[in-house]
Amino acid sequence: MRTIYLPRVNKWFAMTAYNYLCQMLDYLVVGLGLAGVTFCETLKRNGKTFKVFDDASQQASKVAGGMYNPVILKRFTKTWNATEQLAEMLPFYKELEQRLGEVFTEELKVVRRFASVEEQNDWFTAADKSALQPFLSTEIHANKNQYIAANFGFGEVLGTGKIDCAKLMSGYKKELQKNGLLVSETFNFDSLQLGSNHIGYKGLSARQIVFSEGYGMQKNPYFNYLPLTGTKGEYLIVRAPELKETKAVKASIFCIPEGNDLYRIGATYKWKDKKNDPTESAKAELIEKLNAFVTCDYEVIDQLAGIRPTVTDRRPLVGRHPKHKNMYVLNGFGSRGVMIGPWASRQLADYIENGEPLNTEMDIARFTTKYFQG
Ligand SMILES: Cc1cc2nc3c(=O)[nH]c(=O)nc-3n(C[C@H](O)[C@H](O)[C@H](O)COP(=O)(O)OP(=O)(O)OC[C@H]3O[C@@H](n4cnc5c(N)ncnc54)[C@H](O)[C@@H]3O)c2cc1C
């Protein structure tokens with residue numbers, strides 16, 4: 001009797017038929033903030049299929065000021081990996097603008113108000129350091145705005161700008177909705193099935209799942225061992241017709257021009273309150289700080305609040321789950337989501353698809369011991 005051997009062909013055929021019948025996607029993504037948007041866009045550019053779940057429970061990306069600024073203006077130090085992140089960021093957002101047919105990148109000069117001669121000296125000392133040379137102007141700008149108190153002038157940060165995050169979020173969401181790629185509901189962990197080569201969820205199958213839930217990760221049973229602390233931030237939106245300032249001015253807080261005589265004032269940093277509601281105490285704090293350097297009349301017309309996904313060691317949380325090999329996290333962007341998003345998303349996609357190494361400082365492998373110790 002003749003034996004017919006078909007194991008390889010059969011296996012491939014069975015997998016293809018299974019993928020077709022189950023509509024096997026490459027990815028499920030949970031969370032559509034800056035992390036989710038930059039990751040989905042990276043997937044799209046790499047020809048991958050995906051579906052996203054979002055329940056609008058967090059709003060850091062919707063309320064973010066959207067500034068990118070490679071310098072920490074309190075200490076005059078460069079932000080983590082600023083040069084690499086800046087190099088990828090603008091081309092990424094510009095390409096997205098073209099595809100969506102909307103403009104959300106804005107030029108924005110950022111200046112630091114000096115409170116004393118000592119601060120001017122500290123600025124020059126910092127500007128002398130090779131890492132900061134490309135980002136700190138060595139000129140002191142005299143104050144020309146009669147409604148800003150700045151006797152010691154300003155230092156200008158170079159390489160800054162702004163992404164209109166609310167516009168980016170709503171434009172991206174619309175595109176996903178149009179293509180049936182967004183499920184507007186809370187991801188239910190009880191419905192998640194973990195297979196050896198695929199993820200099942202409510203009739204969907206995918207090869208991988210990526211969680212990008214911002215502070216919402218606290219409720220994720222697979223990743224809540226990670227030290228995501230969360231820092232609440234609030235802004236006031238004020239109308240100040242006389243101010244006529246075109247630069248973002250950093251004093252003890254930022255005053256960011258938004259157009260039409262509107263300015264975004266803030267933000268606060270609070271570690272205990274984890275609710276997304278605006279508070280009276282933040283309003284009072286911001287008004288007090290604003291009054292210390294803006295002298296014209298203004299009217300508060302809105303207040304916004306959100307929780308930044310901050311991490312104890314101030315590095316993002318990116319990588320593969322210690323036990324489940326098809327499960328990943330993209331989180332911990334802190335107060336720098338605009339700059340970190342495209343860079344970290346590209347790294348995560350390269351890591352999953354091509355086995356390229358992740359930046360070790362953001363790889364969640366640094367917390368693996370914590371996972372196994374419970
Ligand atoms: C006041 C303030 C000002 C800021 N200003 C700036 C700035 O000027 N520049 C800058 O770069 N960054 C700024 N940031 C930081 C920036 O907002 C964050 O780094 C960034 O938005 C984080 O994005 P994310 O996608 O990780 O989280 P989020 O924006 O919180 O998005 C997470 C998403 O996941 C969804 N989600 C969570 N759990 C679930 C679930 N179980 N099921 C379904 N969906 C879920 C949430 O609804 C949300 O849409 C600011 C933040 C705040 C609060």
Side-chain angles (χ1 to χ4, degrees), residues 28-40 51-70 79 82 85-86 89 93 106 108 110 160-166 168-170 172-173 182-192 201 209-224 228 230-237 248 250 253-254 256 258 264-270 273-274 276 278 282 286 303-311 314 316-318 329-345:
L28 293 182
V29 178
V30 181
L32 191 68
L34 274 168
V37 165
T38 52
F39 189 69
C40 289
K51 206 148 210 174
V52 194
F53 292 80
D54 191 273
D55 64 359
S57 56
Q58 293 297 326
Q59 48 198 44
S61 303
K62 278 172 224 141
V63 307
M67 267 189 310
Y68 53 90
N69 160 23
T79 64
Q85 290 164 10
L86 277 177
M89 191 205 71
Y93 291 119
E106 294 172 24
L108 179 69
V110 173
T160 59
K162 190 179 141 185
I163 303 295
D164 185 333
C165 290
L168 164 64
M169 291 297 127
S170 83
Y172 206 81
K173 191 172 163 186
L182 178 64
V183 183
S184 296
E185 62 181 43
T186 301
F187 188 83
N188 179 357
F189 289 92
D190 294 337
S191 304
L192 182 63
Y201 183 77
I209 186 162
V210 173
F211 290 101
S212 49
E213 306 141 298
Y215 187 66
M217 194 188 82
Q218 290 289 343
K219 293 187 185 151
N220 182 326
Y222 295 95
F223 286 110
N224 62 6
L228 186 76
T231 307
K232 183 167 182 172
E234 298 192 46
Y235 275 124
L236 293 181
I237 307 293
K250 170 77 168 85
I253 45 167
F254 267 106
I256 310 167
E258 297 273 303
R264 190 180 281 254
I265 310 300
T268 55
Y269 286 79
K270 294 283 178 270
D273 176 9
K274 307 293 188 197
N276 280 303
L286 292 172
Q303 189 173 349
L304 310 166
I307 312 293
R308 304 173 185 89
T310 46
V311 184
R314 293 164 185 256
L317 297 168
V318 185
V329 67
L330 181 66
N331 209 318
F333 291 179
S335 51
R336 307 255 163 201
V338 164
M339 275 174 69
I340 296 175
W343 178 80
S345 292

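Quick caveat: nothing in here was measured; it's all calculated off a predicted structure. Only this structure's heavy atoms are used, side chains among them; waters, hydrogens and symmetry mates stay out. One-based numbering, in listed order, for ligands and for the atoms of each.
Nearest protein neighbour of atom 53 (C) of ligand 1, counting heavy atoms only, is Gly306 O, 3.4 Å. Remark: minimum distance from atom 51 (C) of ligand 1 to any protein heavy atom is reached at Arg308 CG, 3.5 Å. Looking at atom 7 (C) of ligand 1, its nearest protein heavy atom turns out to be Gly66 N, 3.4 Å. For atom 31 (O) of ligand 1, the closest non-hydrogen atom of the protein is Gly33 CA, 3.4 Å. Looking from atom 36 (N) of ligand 1 to the surrounding protein, the closest heavy atom is Asp55 OD1, 3.5 Å. When only non-hydrogen protein atoms are considered, atom 42 (N) of ligand 1 lies nearest to Phe187 N, 2.9 Å. Nearest non-hydrogen protein atom to atom 5 (N) of ligand 1 is Gly65 N, 3.2 Å. Looking only at heavy atoms of the protein, atom 38 (N) of ligand 1 is closest to Glu213 CB, 3.6 Å.
Using modelled atom types and a 3.5 Å distance limit, the side chains of Gln303 and Glu234 yield a donor-acceptor pair.
With hydrogens and angles ignored, the 3.5 Å screen pairs a side-chain donor or acceptor of Gln218 with a backbone N or O of Leu228. Side-chain N or O atoms of Asn331 include none that pairs as donor or acceptor with a backbone N or O of Ser212 at under 3.5 Å. Side-chain N or O atoms of Asn276 include one that pairs as donor or acceptor with a backbone N or O of Ser57 at under 3.5 Å. Under a 3.5 Å cut-off, the side chain of Gln59 and the backbone N or O of Ala305 do form a donor-acceptor pair. Under a 3.5 Å cut-off, the side chain of Thr310 and the backbone N or O of Gly230 do form a donor-acceptor pair. Judged purely by atom type and a 3.5 angstrom limit, Arg336 uses its side chain to pair as donor or acceptor with the backbone of Asn69. Put simply, the side chain of Thr231 never gets that close to the backbone of Arg308: no donor and acceptor are under 3.5 Å apart.
Side-chain atoms of Lys219 and Asn224, non-hydrogen and from C-beta on, never get closer than 4.5 Å to each other. Contact annotation: the side chain of Tyr93 approaches that of Leu168 to within less than 4.5 Å [non-hydrogen atoms, C-beta and beyond]. The shortest distance between side-chain heavy atoms of Met169 and Val37 falls below 4.5 Å. Put simply, the side chain of Phe189 reaches to within 4.5 Å of the side chain of Pro221, judged on heavy atoms.
Counting only non-hydrogen atoms, the option in Pro309, Ser335, Ser184 that gets closest to atom 10 (C) of ligand 1 is Ser335. Across Gly216, Ala64, Gly36, heavy-atom proximity to atom 4 (C) of ligand 1 is greatest for Ala64. For atom 17 (O) of ligand 1, the choice among Gly233, Gly337, Ala282, Ala60 with the nearest heavy atom turns out to be Ala60. Of the candidates Gly334, Ala248, Ala35, Gly341, Gly334 brings a heavy atom nearest to atom 15 (C) of ligand 1. For atom 23 (O) of ligand 1, the nearest non-hydrogen atom from the set Gly214, Ser61, Ala344 belongs to Ser61.
Within the listing of ligand 1, atoms 43 (C) sit less than 4.0 angstrom from a heavy atom of Glu185. Under a 4.0 Å criterion applied to the non-hydrogen atoms of Phe53, ligand 1 contributes the atoms 43 (C), 44 (N). Contact atoms of ligand 1 toward Phe333: 19 (O) (distance under 4.0 Å to a heavy atom of the residue). Per-residue contacts place Ala56 under 4.0 angstrom from the following atoms of ligand 1 (heavy atoms of the residue considered): 47 (O). Residue-ligand proximity, Val338 to ligand 1, at heavy-atom distances under 4.0 Å covers atoms 10 (C), 11 (O). Which parts of ligand 1 touch Gly31 is read off a 4.0 Å heavy-atom cut-off, strictly below it: atoms 33 (C), 34 (O), 35 (C). The atoms of ligand 1 that sit less than 4.0 Å from any heavy atom of Met67 are 7 (C), 8 (O), 9 (N), 10 (C), 11 (O).
Using 4.0 Å as the threshold, Met217 has no heavy atom nearer than that to any atom of ligand 1.
We find the CD1-CG distance between Ile237 and Leu304 to be 4.5 Å, quoted to the nearest 0.5 Å. We find the SG-CG distance between Cys165 and Leu34 to be 5.0 Å, quoted to the nearest 0.5 Å.
When heavy-atom distances to ligand 1 are checked against a 4.0 Å cut-off, Tyr68 has no atom that comes that close, whether in backbone or side chain. Under 4.0 angstrom from ligand 1, there are no non-hydrogen atoms of Lys219. Within the 4.0 Å heavy-atom criterion, neither part of Asn220 lies near ligand 1. The part of Ser212 lying near ligand 1 is the backbone, judged by heavy-atom distances below 4.0 Å.
Two rings, from Tyr201 and Phe187, have their centers less than 6.0 Å apart.
Looking at Tyr215 next to ligand 1, no N or O pair under 3.5 Å apart turns up. Inclusion of Asp54 in the set of residues having an N or O under 3.5 Å from an N or O of ligand 1 is warranted. In terms of polar-atom proximity, Gln58 is counted as a contact of ligand 1, with an N or O under 3.5 Å from an N or O of the ligand. In terms of polar-atom proximity, Ile307 is not counted as a contact of ligand 1, lacking any N or O under 3.5 Å from an N or O of the ligand.
Applying the 6.0 Å contact sphere to NZ of Lys62 captures more than 12 heavy atoms from other residues, nucleotides or ligands.
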Please test Thr160 against Leu108 for side-chain contact (heavy atoms from CB on, under 4.5 Å), starting from the C-alpha separation and ending with a verdict.
CA-CA 6 Å; Thr160 59; Leu108 179 69; 5.5 Å; no
